Protein chains: 2
Amino acid sequence: MTAIARSDDVRRQNRRLVLSVLRRSEKLSRTEITARTGLSPSTVSAITSDLLSDGILRELRDGDATATRRGRPQVALGLNPDAAAVIAVVLSLNALSAALIDYAGDVIVSEQSRLDTLAMSGDEIAASVRAMVGTLVDEATYRDMRVPRIAVAFQGITDAGARTLLWSPITREIDIPLGDALEGAFGIPVTVENDCNMIAVALKAKDPGHYGENFIAVLLSHGLGMGMMVRGELFTGTKSSGGEFGHMNHVPDGALCRCGRRGCIEAYAGNYAIWRAARNLGDDTPPAADIADADMAALAAAARAADGPERRAFHAAGRAIGFGLGSLFAILDPAPVAIVGQGALAFDLIEGPLLEALAKTAGGQHHPIPSFHTDPDEMPLIRAGCAMRALTFVDREIFARGAVSPVAGSGRAVA
Amino acid sequence: MTAIARSDDVRRQNRRLVLSVLRRSEKLSRTEITARTGLSPSTVSAITSDLLSDGILRELRDGDATATRRGRPQVALGLNPDAAAVIAVVLSLNALSAALIDYAGDVIVSEQSRLDTLAMSGDEIAASVRAMVGTLVDEATYRDMRVPRIAVAFQGITDAGARTLLWSPITREIDIPLGDALEGAFGIPVTVENDCNMIAVALKAKDPGHYGENFIAVLLSHGLGMGMMVRGELFTGTKSSGGEFGHMNHVPDGALCRCGRRGCIEAYAGNYAIWRAARNLGDDTPPAADIADADMAALAAAARAADGPERRAFHAAGRAIGFGLGSLFAILDPAPVAIVGQGALAFDLIEGPLLEALAKTAGGQHHPIPSFHTDPDEMPLIRAGCAMRALTFVDREIFARGAVSPVAGSGRAVA
DNA sequence: CTCTATTAATTCGAGGCTCGAAAAAAATAG
DNA sequence: CTATTTTTTTCGAGCCTCGAATTAATAGAG
């Protein structure tokens, strides 16, 4: 806010603006851009002409024949898929996937592999990621597309600079410098992001009507995750990716959590916690390594069928999440919530206690109870968010600056 | 972030920048401004010349005789105290105070009065504030100073627009439109702010070395309050002033809170909660209306003297605050903490259990334990923060725009 | 088939802004 | 009184946006 401003910052900001409306709409005439941005027609003309000659935009001479109106027909402009490509990597428990995505957001090629992350060292994990990314970089080189950005998403915590994997449940190792490893290998700027933050990015891009300026995405699976959008921006911690909702305290000195502490929300609402409670194993039982989706589904079925430990376990989970959201809402006010991940399949079981707990907290005091939507399939969201994150970076930090030749010869060329 | 930029926005931003370094330093030559802002000497010359002819700055031809160096001597510039004035109002339990403050930040006149806020209606409170502000507006008119901003601080919650008192412990009434009342009466823009947010503003202004980009101010008195600075900006809720730290949940279905809910942190750490626990009154005892500082001091003395219910009460308070901070830090990472208010006098009693609880939560997991500083006297901070808030608004929103004649004839003139 | 109305997009000059280089101003040192 | 040093201002080059005027490209009317 208190930064110096120069003359050409104005153009940069307005180029950003034009690119941002085009990223949302895919196909817009100069007149429509004028209307959406509020810029004057002359400015839009100047900016789009620059972007066209830079190869960042292209004219879409559509065969749609919308020419039913009188007057000079509009020329649709869109992001040029060949302007650049980004690589989006998703690292999860025992699985690695990555995709090469063109500038318009379409997947060109994708790669998947299974790997035993828990048994691997940090170096081995970094090497696996590097190998897969290498394949995609080669692919990009072969197609003569430059790759100005790589984004990696994983479950866990990164530093605030989004460069290092600080901690993740998918490995025993901490402080894996994934960003530096990839950047060193390919000379391409990298961000390492929390998966739930990427879910939030994807939700905002997908349904801006419902997920607007402020909302919360909660991932329910083996552990808990959260991504928050606050005032239109992804909310991250000051030193890390932040948003460790699952490790807010629910019950002081309560159930044993996977993190080694006690009483975390996750220790009541993670799959392992629900499983533990449903099997009457006691709060001190160390968390199971992983629980199959089918087993959780069976638990949910049992809970729906009859009152018993299973149902009580899901209720306790709902209660923990409800109190946690209440505490969160006390700090930053209620906002729509997306319940994402396999746990969303059992949302019918946890919703009641969740709302009941929420009503008992300050979050519900001055404002109406927020809406809850569910989406059990998190992976597409993480992939889409990760790609969007990388593309938005290119929009804002690279193509918003003039004097960049985007369609460079080398696939590895970096500004 | 995605706003349109025009040519003159550049000048506005750079005027802001110049005003912000001058507000921090009080006395700076053009050369020093050049160094601190990074602007070119020509630009600084142009901007300061505008600001001087607008009457916003003044030359301080000092008798300090710093002329021991060779070369043309520097001319010190400073904010012109007569450029404008603001009114800062602090409304607290049974007391109202307000001050007329010149543009350089010095108090011109201040007013105080005692009133029985709990017995008053919202209209009566608004009328009292209006009357006191009226006196100061008259004073400003008499001195031929225009008042472009009023800021009101109080303990409680406002709407996100900082216009309405939504709830406050100082009155039984809710939704008091203080902002509209004052704006209607005087035609001056008004913000209504949470007192702890103003404490945070004041701490940042007072000690930017320690309270930098990220820190938390916790007010311990009858109830609890919190103000947060996140990435250099005051963090407010999306719909309200937010930061209701005291009403994050500590123990599900726990002790009765002043807000009517159960288990809030405040229900363990507010004065009434400590009192209640120290007197073995039980968690369900309705909160006392108010407890004299002397009584709390006596309680603290007893707690220091011997192990017993008093000491346990303070320990429970520390524990509640510690778990609460831990949950907060799970979301946005650890940051320095200021413990402000009368409760800071007993910080020696609560610090141990606080740190112990904090160590049990995720907040302390990846980062070192943050620092804790105390300041028992909150009123000066609230006053200073409130004044600073109003002045900063004038800097940024009014004087950063050119073409404003600041030293208007009428004291009530508003842009 | 030509002409006119209509809508889209571009061009051009006016007016801002920052910056670097050069000039002017104001003091000390000798 | 002159040279030196440091601060501050002035001036032209180079961006940028915007409004008004101009050019481009179509559908419909006669």
Side-chain angles (χ1 to χ4, degrees), chain A residues 3-18 22 27-53 57-78 400-404, chain B residues 3-18 27-53 57-77 400-404:
Chain A
I4 192 169
R6 298 216 175 65
S7 249
D8 48 331
D9 290 337
V10 174
R11 172 55 69 92
R12 177 144 29 120
Q13 171 74 3
N14 289 335
R15 273 173 78 123
R16 272 192 194 177
L17 186 55
V18 168
L22 275 164
K27 203 180 181 187
L28 245 33
S29 72
R30 292 170 178 82
T31 317
E32 289 168 320
I33 295 173
T34 302
R36 296 197 192 202
T37 57
L39 292 164
S40 71
S42 15
T43 304
V44 170
S45 184
I47 290 175
T48 53
S49 140
D50 282 359
L51 291 171
L52 280 166
S53 68
L57 299 186
R58 62 171 181 178
E59 292 195 350
L60 303 169
R61 301 218 152 273
D62 48 5
D64 281 17
T66 47
T68 178
R69 275 227 308 294
R70 224 149 121 112
R72 179 175 174 174
Q74 305 183 350
V75 178
L77 301 176
R401 304 204 55 85
V404 182
Chain B
I4 191 171
R6 300 214 174 67
S7 248
D8 48 330
D9 289 337
V10 174
R11 172 53 69 94
R12 179 144 29 122
Q13 171 75 2
N14 289 336
R15 274 173 75 123
R16 272 192 195 178
L17 187 55
V18 168
K27 203 179 180 187
L28 245 34
S29 72
R30 292 172 179 81
T31 317
E32 288 168 320
I33 294 173
T34 301
R36 297 198 191 200
T37 58
L39 292 164
S40 71
S42 15
T43 303
V44 170
S45 183
I47 289 175
T48 53
S49 140
D50 281 359
L51 291 171
L52 281 166
S53 68
L57 299 186
R58 61 171 182 178
E59 292 194 351
L60 302 170
R61 300 216 153 274
D62 48 6
D64 281 16
T66 47
T68 179
R69 276 225 309 292
R70 223 150 120 114
R72 179 173 175 174
Q74 304 185 349
V75 178
L77 302 177
R401 303 203 56 84
V404 182

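Naming: A, B, ... by sequence-line order, numbering from 1 per chain. All values derive from a computational prediction rather than experimental measurement.
In this structure, A/Val44 reaches neither bases nor backbone, as no heavy-atom distance under 4.0 Å exists between it and the strands shown.
For C/dT7, neither phosphate oxygen OP1 nor OP2 lies less than 4.0 angstrom from any side-chain nitrogen or oxygen of A/Thr31. Of the side-chain N and O atoms in A/Thr43, one or more sit less than 4.0 angstrom from OP1 or OP2 of D/dC18. Using a 4.0 Å cut-off, some side-chain N or O of B/Arg30 falls inside it from OP1 or OP2 of D/dT9. Contact annotation: A/Asn14 does not reach the phosphate of D/dC16 (side-chain N/O to OP1 or OP2, under 4.0 Å). Between A/Arg11 and the phosphate of D/dT17, there is a side-chain N or O to OP1/OP2 separation shorter than 4.0 Å. In this structure, A/Arg6 does not reach the D/dG14 phosphate: none of its side-chain N or O atoms is under 4.0 Å from OP1 or OP2. B/Ser7 has no side-chain polar atom (N or O) that falls below the 4.0 Å cut-off from OP1 or OP2 of C/dG16.
Side chains of B/Ile47 and B/Asn14 form a contact here, defined as non-hydrogen atoms less than 4.5 Å apart. Residues B/Leu17 and A/Ile4 meet the side-chain proximity criterion, which asks for heavy atoms closer than 4.5 Å. You'll find the side chain of B/Asp9 stays beyond 4.5 Å of the side chain of A/Gln13, heavy atoms only.
Closest to the side chain of B/Arg72, from the set C/dA26, C/dC17, C/dC19, is C/dA26. Across D/dT10, D/dC18, C/dT6, the shortest atom-to-atom separation from the side chain of A/Leu39 is found for D/dC18. Checked against D/dG28, D/dT8, C/dT11, the side chain of A/Ser42 finds its nearest nucleotide in C/dT11. Of the listed nucleotides (C/dA29, D/dC18, C/dG20), C/dG20 has the atom at the smallest distance from the side chain of B/Ser40.
In this structure, B/Ser49 and A/Asp9 both approach DNA chain D, and ranking their closest nucleotides by distance from the 5' end singles out B/Ser49.
A/Asp8 has its CG atom 12 Å from the P atom of C/dG20, to the nearest Å.
The main-chain N or O of B/Arg30 is found under 3.5 Å from a side-chain atom of B/Thr34 such that the two form a donor-acceptor pair.
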